[in-house]
J.: 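Can you read through this structure? Questions will come right after.
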Amino acid sequence: MRAAIRDAIVGPSLALLCAAGTAAAQPAGANDDEAKVPAYTLPDPLRFADGRPVREARDWTEKRRAEVLGLFEEHVYGKSPAPPPRMRAVVVEEDPRALGGLATRRQVRVLLDGTEQGPGFEMLLYVPNAATRPVPAFLGLNFDGNHAVHPDPRIHLSASWMDDGPGVVGKRATEAGRGTNAAAWPVERILDRGYALATVYYGDIEPDHAAGWRDGVRARVGPGATGRFAPDDWGAIGAWAWGLSRALDVLAKDPDVDGRRVAVIGHSRLGKTALWAGARDERFALVVSNDSGEGGAALARRRFGETTARITATFPHWFCPGFREYANREDDLPVDQHELLALVAPRPLYVASATEDRWADPRGEFLAARAAEPVYRLFGKGGLGVGEMPVPDRPVGDTIGYHLRRGPHALTAADWEHYLDFADRHLRR
Ligand code: GTR
């Protein structure tokens, strides 16, 4: 899988330290032993900052939700700016008979300040021709450029900075990169099931390296434009998630897409991003986190696999600068990741793990989903429906879905089947 390769590339310290030489294995020094998980107490999502209990859905919607969101902004992902007032979308390419007639393809240039010279990104959209429009959609950022999602030769090659990988020469995409990430994006299957697919290369929003902000939206929009970041200013995950909301702005206006039925999906660091986007922006009707791990669905306090110390050292640009203060001090964090999941409530949420992806702490992801259930219950919504982790490849859950796929850290066609089934249940009612 491309993502596994990327782990080895983007996480050099991880690759170097990997005892077994694979991204799925645990680096030396990382805890891979359930018996060594420290005792911990999770913060209670159902208690206001002043200690009073949250008793009903209204307490959550009117007050507690904003408190929890504020804590994540202040301590984890940073504060994001408002939508840019002069944003404009231009359809730069369209084909009503794409993929042999299966879909309408649209490539949309999103100009964040309304100008060609300003920051922006390109969204690739496929709408199934056989389905009654407007259709529900999946929206997700991709790792390797829109052109890597499918071999379709008409997809524009990304021109943005790109880390080394298949088809990348001198940090730029080439023709050889076409379709190289197709295994993670079963486009025809998604279309056959009646969903549109929209995707954006995350590097268009901000290149994924420590100095990437200089060439991304954080240098042009919001407080980071001064070049100085306060402890609670947005990091790259904040920027990418904000970009997802801008993509949704555009998607919601597309006549072929039902803006009230857009699911946001992401894998790994982009799973963290999908969760933060879905937590912030309640227009996302459904949220999918695939193998998102530390800083995503996994509980930080377990310190299993990747930890706060490790992630802030390897990827200092992902979170708000203040998050670094919690390296080796997870118990002092005013939140834990079950509360990020709870911010999706009462909307449907799907968390998925993979058996070999121990670095992402599958059990910590499952337990976070379970600890989000009380918030769903406030709304009369069922959660996972099980107390213990299910056996591999057997999805569980009602409004919170979960599965543990057999295999490595990756987004696969098998994962998508479960997401499509879950979306059928929740977006087609
Ligand atoms: C790893 C990182 C994880 C995960 C992954 C990915 O190197 O430690 O947190 O985000 O990268 O995004 O592929």
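Since the structure is predicted, the reported quantities are computational estimates derived from the model, not experimental observations. Whatever order the structure lists ligands and atoms in, that order sets their numbers, starting from 1.
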J.: Could you tell me, atom by atom, which parts of ligand 1 come under 4.0 Å of a heavy atom of Phe315?
T.: 2 (C), 7 (O), 8 (O)
J.: Do you know the tightest heavy-atom contact between Leu99 and Leu191?
T.: CD1-CD1, 3.7 Å
J.: What are the atoms of ligand 1, with element, lying closer than 4.0 Å to any heavy atom of Trp359?
T.: 2 (C), 8 (O)
J.: Can you name the closest pair of heavy atoms from Asp291 and Pro408 and give their distance?
T.: OD2-O, 4.1 Å
J.: Around Arg428, counting heavy atoms of other residues, nucleotides and ligands shown, do more than 12 lie under 6.0 Å from its CZ?
T.: yes
J.: Mind checking whether His409 contacts ligand 1 via backbone (N, CA, C, O), side chain (CB onward), both or neither, at a 4.0 Å heavy-atom cut-off?
T.: side chain
J.: Check each heavy atom of Leu270 against ligand 1 and say whether those closer than 4.0 Å belong to the side chain, the backbone, both or neither.
T.: neither
J.: For Ser268, counting its heavy atoms only, list the atoms of ligand 1 lying under 4.0 Å from any of them.
T.: 4 (C), 5 (C), 6 (C), 10 (O), 12 (O), 13 (O)
J.: Could you tell me whether Lys272 approaches ligand 1 through its side chain, its backbone, both or neither, with non-hydrogen atoms closer than 4.0 Å?
T.: side chain
J.: Applying a 4.0 Å heavy-atom criterion (strictly less than), which segment of Glu306 is in contact with ligand 1: side chain, backbone, both, or neither?
T.: side chain
J.: Return yes if a side-chain donor-acceptor contact under 3.5 Å exists between His338 and Glu373, otherwise no.
T.: no
J.: Looking at Arg303 and Asp331, does any basic side-chain N land under 4.0 Å from a carboxylate oxygen?
T.: yes
J.: Could you list which atoms of ligand 1 come closer than 4.0 Å to a heavy atom of Trp318?
T.: 9 (O), 10 (O)
J.: May I ask you to list the atoms of ligand 1 that are less than 4.0 angstrom from any heavy atom of Ile311?
T.: 9 (O)
J.: Identify whether the distance between the nearest side-chain nitrogen and carboxylate oxygen of Asp192 and Arg189 falls below 4.0 Å.
T.: no
J.: Considering residues at least two apart in sequence or located in another chain, which fulfil the side chain to side chain contact (heavy atoms under 4.5 Å, CB included) criterion with Arg324?
T.: Thr312, Pro316, Pro321
J.: Do any N/O atoms on His267 end up under 3.5 angstrom from N/O atoms on ligand 1?
T.: no
